[in-house]
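Comments concern the structure below.
Numbered from 1 within each chain, the chains take letters A, B, ... in sequence-line order.
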There are 2 protein chains.
Amino acid sequence: MNKSGERILSTLEHVGGFASAQEIHRAMVRDGKNIGLTTVYRGLQALIKENIVDILRRDDGEAIYRVCGDAHHHHLVCKKCGRTVEIEGGEIEKWALQEAAHYGFREVGHSAEIFGICSNC
Amino acid sequence: MNKSGERILSTLEHVGGFASAQEIHRAMVRDGKNIGLTTVYRGLQALIKENIVDILRRDDGEAIYRVCGDAHHHHLVCKKCGRTVEIEGGEIEKWALQEAAHYGFREVGHSAEIFGICSNC
DNA sequence: AACAAGAATGAAAATGATTGTCATTTTCAG
DNA sequence: CTGAAAATGACAATCATTTTCATTCTTGTT
């Protein structure tokens, strides 16, 4: 990871775990770090490729980014406040492989998320 | 529901259950119905308000609309050619409800897709 | 039929997030 | 130091979606 990547990651960690690219950029400029919006977007793409951050979508379609661990996992996301819980896939992994094999698909991956309204909202 | 609402809904039902606004519009124009993109967007908003259709998000953030009460199912998508197979969720439904309940989430929904490369590719 | 009020329509402009371009700057190995 | 490669950021382009606004349909009333 390069310097701007580190600064983006550090900012992301300090703003409560998730934020949009624009919010991250605003926070960085506010805090005196000088960086362009383009670089923030590129840095985030790189961090995603390295599996250091995760991308999700707000209800309005805006992308939000959050730091995540390495292990493959899924998310339980609150539609109101954005609170996110990492959960295990469990049977999903098996289900994906079985269905894919059944239809002759190779190089299988999957995505699964659960949405709802959390107890605080 | 007004006339354009009915035509939008009918188109949505005929394209496999879900599609983006732009895709719905393209399909309608292709089929000779003449309608403006604006009206498609407005019609979809109205259908959402009436709880007749549901809005979800693609990975790229584009909104996709689905008829509610449509049998809920998932997709197996080829990363190369885009071929899509509709599959049953099976245990996924249970998994989503259980996990959500465990963390106190209400009004639960979920999305799950499997990606791979199909036998033709 | 004639009329008006209001809803529906759609072309075009506006918006806003994201991505592409490209000239400039930084980094770094030799 | 020096040149190649990577990183940067201002700016323009793209694309889905929303807003605006002038025009066209409905529909009820006389």
Side-chain angles (χ1 to χ4, degrees), chain A residues 1-12 15-67 77 79 82 84 111 113, chain B residues 1-12 15-50 52-67 77 79 82 111 113:
Chain A
M1 192 183 354
N2 57 32
K3 203 156 95 200
S4 67
E6 282 166 19
R7 292 197 294 167
I8 291 166
L9 184 55
S10 148
T11 302
L12 190 49
V15 294
F18 64 88
S20 71
Q22 316 260 351
E23 288 165 351
I24 293 168
H25 179 241
R26 254 178 269 134
M28 293 180 81
V29 170
R30 190 184 335 110
D31 295 354
K33 329 213 194 268
N34 93 302
I35 190 169
L37 182 55
T38 311
T39 305
V40 172
Y41 274 106
R42 265 192 304 239
L44 286 167
Q45 290 306 325
L47 291 169
I48 288 169
K49 213 168 260 162
E50 298 174 61
N51 285 314
I52 295 170
V53 310
D54 222 15
I55 182 171
L56 299 174
R57 295 274 164 188
R58 292 225 174 94
D59 269 3
D60 67 354
E62 189 177 355
I64 56 180
Y65 304 85
R66 75 189 293 286
V67 185
V77 186
K79 285 189 273 198
T84 302
S111 74
E113 284 183 54
Chain B
M1 194 184 350
N2 58 31
K3 203 155 96 200
S4 68
E6 281 166 21
R7 292 197 294 168
I8 292 166
L9 184 56
S10 149
T11 302
L12 190 50
V15 293
F18 68 89
S20 71
Q22 314 262 349
E23 287 165 352
I24 293 168
H25 179 240
R26 254 178 269 134
M28 294 180 81
V29 170
R30 188 183 338 108
D31 296 355
K33 328 212 193 270
N34 98 301
I35 189 170
L37 182 56
T38 311
T39 305
V40 173
Y41 275 106
R42 267 192 298 239
L44 286 168
Q45 290 307 325
L47 290 168
I48 289 170
K49 213 167 261 163
E50 298 174 60
I52 295 171
V53 309
D54 225 12
I55 181 171
L56 300 174
R57 295 275 164 188
R58 289 225 175 97
D59 270 1
D60 67 355
E62 190 176 355
I64 56 180
Y65 304 84
R66 162 178 91 177
V67 184
V77 185
K79 285 188 275 198
S111 74
E113 283 185 55

task: Taking all heavy atoms of A:Ser4 and all of A:Ile35, pick out the closest pair and write down the distance.
output: CB-CD1, 4.1 Å
Taking the side chain of [X] as heavy atoms from C-beta outward, which of [options] is closest to it?
X	options	result
B:Thr39	D:dT17, C:dT18, C:dT9	C:dT9
A:Ala63	D:dT20, D:dT17, C:dT18	C:dT18
B:Glu62	D:dA16, C:dA17, D:dT20	D:dA16
A:Arg42	D:dA16, D:dG9, C:dT19	D:dG9

query: So B:Leu56 and B:Ser111, side-chain contact (heavy atoms from CB on, under 4.5 Å) or not? Walk me through it.
result: CA-CA 9 Å; B:Leu56 300 174; B:Ser111 74; 5.7 Å; no
In whole angstrom, what separates [X]'s [atom1] from [N]'s [atom2]?
X	N	atom1	atom2	value
A:Ile64	C:dA17	CD1	P	14 Å
B:Arg7	C:dG10	CZ	C1'	12 Å
A:Leu44	D:dA7	CG	P	15 Å
B:Arg58	C:dT18	CZ	C1'	17 Å
B:Leu37	D:dT17	CG	P	9 Å
A:Glu23	C:dT18	CD	C1'	15 Å
B:Gln22	D:dT18	CD	P	11 Å
B:Asn2	C:dA7	CG	P	13 Å

query: For C:dT19, does OP1 or OP2 lie under 4.0 Å from any side-chain N or O of A:Tyr41?
result: no
- request: Using only side-chain N and O atoms of A:Ser4, determine if any of them is under 4.0 Å from OP1 or OP2 of D:dT8.
  value: yes
query: Which comes earlier along DNA chain D counting from the 5' end, the contact point of A:Ile35 or that of B:Gln45, where each point is its nearest nucleotide?
result: A:Ile35
query: Which comes earlier along DNA chain D counting from the 5' end, the contact point of A:Lys3 or that of B:Gly61, where each point is its nearest nucleotide?
result: A:Lys3
- prompt: With a 4.5 Å heavy-atom cut-off, do B:Met28 and B:Ile8 have their side chains touching?
  reply: yes
message: Taking the basic N atoms (NZ, or NE/NH1/NH2) and the acidic carboxylate oxygens, is any pair closer than 4.0 Å for B:Arg66 and B:Asp54?
response: yes
- request: Tell me what B:Asp60 touches on the nucleic acid: a base, only sugar-phosphate, or nothing, going by heavy atoms under 4.0 Å.
  value: nothing
- line: One should read off an interatomic distance between A:Tyr65 OH and A:Ile24 CD1, to the nearest 0.5 angstrom, of 7.5 Å
